[in-house]
Amino acid sequence: MSAYAGPAYLIPSPSRIEIIIHESDGAWWQIVAAVGPLVVILGVVSFAAIGWLRLRDRKTKAGSRSDWWPRAVWALEASLEDDPKRREVGFAALQLLNESSLSGKEESLIIAEAWRSPLRDVRTLSRAAENESDPRTSTDPREERVIVRAARLRLSTDNKQGIASPWWVKEIAKRPL
């Protein structure tokens with residue numbers, strides 16, 4: 001009898017473990033199969049991020065465009081007021097709105113209607129085009145400022161529409177305020 005009386009099946013018998021190292025590279029399809037899921041996940045995340053950014057930009061631009069029109073209405077109404085100072089501010093606001101990236105050619109056509117009234121009067125045109133002196137020396141300097149603002153607005157709308165402005169409008173627009 002042996003000194004140890006415990007069951008023999010609990011102790012594993014020693015065996016030899018062999019480790020084999022392959023030195024050859026994996027086949028191309030094994031590499032693609034291993035990296036493929038990662039590429040798909042990155043692609044899905046990228047497309048989702050791009051879609052979200054585009055949606056956010058559209059909402060921001062749509063919000064800005066919806067704010068553009070009430071501003072344009074205010075500026076158009078101001079340009080038709082009797083007070084020359086308010087008209088001047090209206091023309092300045094219309095010029096800024098016209099030069100905004102939110103306005104297109106159609107909006108520019110609407111804005112262009114504002115400058116027609118001050119620049120339509122033949123007397124005003126001839127006096128402003130032929131008067132080489134400072135516009136502040138004319139009979140009504142406030143009206144002269146309105147005419148200069150209207151001429152600058154016309155340059156802006158003509159530029160947006162791709163139209164060449166007349167020489168006299170350019171001359172009026174150069175005058176200081």
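If you're wondering where the values come from, they're calculated on a predicted model, not measured in any experiment. The analysis underlying the following values was restricted to heavy atoms, covering all of them including side chains, and did not include hydrogens, waters or symmetry mates.
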### Pairs touching residues 95-107 that satisfy salt bridge (Lys or Arg N to Asp or Glu O under 4.0 Å), sequence neighbours left out
Arg65-Glu107

### Query
Can you name the residues that form a salt bridge (Lys or Arg N to Asp or Glu O under 4.0 Å) with Glu77, not counting sequence neighbours?
none

For residues 33-54, please give each side-chain donor-acceptor pair under 3.5 Å, one per line with the distance, not counting sequence neighbours.
from	atom 1	to	atom 2	distance (Å)
Ser46	OG	Leu42	O	2.8

### Query
Taking only residues two or more places apart in sequence, or in another chain, which ones meet Val89 in a side-chain contact (heavy atoms from CB on, under 4.5 Å)?
Trp74

## Note on the structure
Hits for side chain to side chain donor-acceptor pair (under 3.5 Å) against Ser100, two or more places apart or cross-chain, chain-then-number order -> none

### Residues that, via side-chain heavy atoms closer than 4.5 angstrom, fall in one hydrophobic cluster with Leu96
none

### Query
Taking only residues two or more places apart in sequence, or in another chain, which ones meet Lys170 in a salt bridge (Lys or Arg N to Asp or Glu O under 4.0 Å)?
none

### Query
Partners of Asp83 by side-chain contact (heavy atoms from CB on, under 4.5 Å), sequence neighbours excluded?
Lys85, Arg86, Arg142

### Task
List in chain and number order the residues that pass side-chain contact (heavy atoms from CB on, under 4.5 Å) with Ala75, two or more places apart in sequence or in another chain; answer none if no residue qualifies.
Ala93, Leu94, Leu97

### Query
Can you list the residues that meet the side chain to side chain donor-acceptor pair (under 3.5 Å) rule with Thr157, with sequence neighbours excluded?
Trp115

#### Entry: Cluster companions of Leu109 among Ile, Leu, Val, Met, Phe, Trp, Tyr (side-chain spacing under 4.5 Å)
none

### Query
Sequence neighbours excluded, which residues qualify as side chain to side chain donor-acceptor pair (under 3.5 Å) partners of Ser108?
Asn98, Gln161

